[in-house]
Amino acid sequence: MMGFSFVVEIRSVAAGSTGLLPRRPVWHLNSRISLSLANHLQRVLGIAGPKKAVKAAPSAGKSARYYPADDISRPKHSRAKKHNPAKVRASFTPGTVCILLSGRFRGKRVVCLKALESGLLLVTGPYKINGVPLRRVNQAYVIGTSTKIDVSGVDVSSIDDSYFARVTSDSAEGEDEFFANDEAKPAIVSDQRKADQKKVDAAVLKAVDATPLMKNYLGSKFSLKKYDKPHKMIF
């Protein structure tokens with residue numbers, strides 16, 4: 001059984017107050033809780049014991065204690081600096097013909113060239129066959145087929161994630177130019193990007209021409225009709 005202590009009255013010795021406090025009976029579960037309540041009342045009434053008064057007194061050479069008025073937000077633990085190697089599905093190997101499921105080129109068949117460090121896939125149409133340029137795609141929105149071509153002669157070692165970084169223009173638009181031109185500006189492809197596209201597609205087209213009907217297969221779009229069952233298809 002836990003003992004109960006009944007506090008009947010506490011004499012106030014604060015400055016400007018005399019007499020007894022209103023008699024309000026307070027029940028406590030044990031002596032530890034009653035002691036904490038007494039300490040709380042001392043803080044509320046401005047009463048401090050001799051030990052606390054000495055401890056709270058500012059000593060020479062030390063600054064006063066600081067208690068923030070608002071909660072100080074602590075930075076949350078972040079894993080942004082820790083990057084684990086990206087996992088690439090086993091079906092995506094260099095030379096695999098893939099089907100894009102999202103984006104402006106959805107439904108197009110492309111050739112996978114390699115997996116980048118970020119986990120994205122580097123693919124090409126080739127551009128001359130189906131209009132898909134060198135681009136990165138998320139492997140979550142790609143179907144890997146069992147069709148493959150030999151791309152061992154294609155050199156894409158110089159192409160990485162930084163190759164696709166956006167280039168910021170130095171000339172900033174003013175307010176008048178911003179409201180005057182409502183039409184979207186066309187994307188400007190650099191000469192370096194065009195040269196790399198021709199170099200890569202030339203090597204890929206040699207492998208495509210060596211395989212019968214591969215050019216027609218890459219040029220056709222993937223689509224589903226009314227009674228097609230994609231979960232039973234073998235790609």
Side-chain angles (χ1 to χ4, degrees), residues 85-169 181-235:
K87 295 181 180 179
V88 182
R89 297 210 302 264
S91 58
F92 297 131
T93 58
T96 302
V97 177
C98 305
I99 300 173
L100 303 182
L101 301 179
S102 66
R104 56 181 296 197
F105 300 110
R106 58 182 176 273
K108 295 289 187 71
R109 292 181 171 91
V110 296
V111 179
C112 176
L113 299 178
K114 69 173 183 178
L116 300 174
E117 186 178 358
S118 61
L120 302 178
L121 303 178
L122 177 65
V123 300
T124 184
Y127 184 79
K128 188 176 181 180
I129 295 178
N130 51 26
V132 181
L134 279 170
R135 62 188 288 109
R136 297 178 298 176
V137 294
N138 192 338
Q139 57 179 331
Y141 305 101
V142 177
I143 296 177
T145 66
S146 58
T147 306
K148 295 184 178 182
I149 61 176
D150 184 15
V151 292
S152 57
V154 182
D155 183 17
V156 289
S157 58
S158 61
I159 301 177
D160 53 3
D161 291 310
S162 60
Y163 179 83
F164 297 94
R166 292 189 177 184
V167 179
T168 57
S169 59
N181 301 325
D182 295 336
E183 298 180 358
K185 294 183 178 180
I188 300 175
V189 182
S190 62
D191 296 337
Q192 180 66 29
R193 185 75 67 89
K194 294 178 181 179
D196 293 339
Q197 182 73 54
K198 291 180 180 179
K199 178 183 175 182
V200 172
D201 284 357
V204 175
L205 286 173
K206 291 182 180 179
V208 171
D209 294 338
T211 306
L213 301 178
M214 181 58 66
K215 187 173 183 179
N216 296 334
Y217 177 68
L218 292 175
S220 61
K221 291 189 67 174
F222 172 78
S223 61
L224 295 174
K225 296 184 179 180
K226 186 175 182 180
Y227 297 104
D228 290 341
K229 300 178 180 179
H231 62 283
K232 292 186 177 181
M233 293 182 179
I234 299 176
F235 294 95

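Heavy atoms only: backbone and side chains are in, while hydrogens, waters and symmetry mates are out.
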Enumerate the residue pairs fulfilling salt bridge (Lys or Arg N to Asp or Glu O under 4.0 Å) with a member in residues 146-162, sequence neighbours excluded, ordered by first and then second residue. R136-D161
Working note: I159 + L134, criterion side chain to side chain contact (heavy atoms under 4.5 Å, CB included); need CA distance, chi angles, decisive distance, verdict. CA-CA 10 Å; I159 301 177; L134 279 170; 3.9 Å; yes
The complete set of ring-ring contact (aromatic ring centres under 6.0 Å, His included) pairs with one or both residues in residues 97-151, sequence neighbours excluded, reads none
Below 3.5 Å, can you tabulate the donor-acceptor pairs from side chains in residues 212-222 to any protein atom, sequence neighbours excluded?
unit_1: Y217; atom_1: OH; unit_2: R109; atom_2: NE; d: 3.4
unit_1: S220; atom_1: OG; unit_2: R109; atom_2: NH1; d: 3.0
unit_1: S220; atom_1: OG; unit_2: Y217; atom_2: O; d: 2.9

Go through the steps to decide whether V137 and L122 satisfy the test side chain to side chain contact (heavy atoms under 4.5 Å, CB included), and finish with yes or no. CA-CA 7 Å; V137 294; L122 177 65; over 6 Å; no
Is there a side chain to side chain contact (heavy atoms under 4.5 Å, CB included) between V142 and L100? Walk through the geometry before answering. CA-CA 5 Å; V142 177; L100 303 182; 4.0 Å; yes
List in chain and number order the residues that pass side-chain hydrogen bond (donor to acceptor under 3.5 Å, both in side chains) with T96, two or more places apart in sequence or in another chain; answer none if no residue qualifies. T93
Considering only distance and modelled atom types, tabulate donor-acceptor pairs under 3.5 Å from the side chains of residues 224-235, sequence neighbours left out.
unit_1: D228; atom_1: OD2; unit_2: K225; atom_2: N; d: 2.6

Within 6.0 Å of NZ in K128, more than 12 heavy atoms from elsewhere: no
Closest approach of L121 to A115 (non-hydrogen atoms, all atoms of both residues): CD2-CB, 4.1 Å
Give a yes or no answer on whether the side chain of T145 reaches the backbone of V97 with a donor-acceptor pair at less than 3.5 Å. yes
Please list, chain by chain and in numerical order, all residues satisfying side-chain hydrogen bond (donor to acceptor under 3.5 Å, both in side chains) with D201, sequence neighbours excluded. T124, Q197
Who pairs with R89 by side-chain contact (heavy atoms from CB on, under 4.5 Å), at least two apart in sequence or on another chain? S91, F92, Q139
Does S223 have any side-chain contact (heavy atoms from CB on, under 4.5 Å) partners at least two apart in sequence or in another chain, and if so, which? none
D196 and its side-chain hydrogen bond (donor to acceptor under 3.5 Å, both in side chains) partner, picked from K199, K194, Q192, R193: Q192
Under 3.5 Å, is there a donor-acceptor pair between the side chain of R106 and the main chain of G103? yes
Distance from L120 atom CG to N138 atom CG, nearest 0.5 Å? 6.0 Å
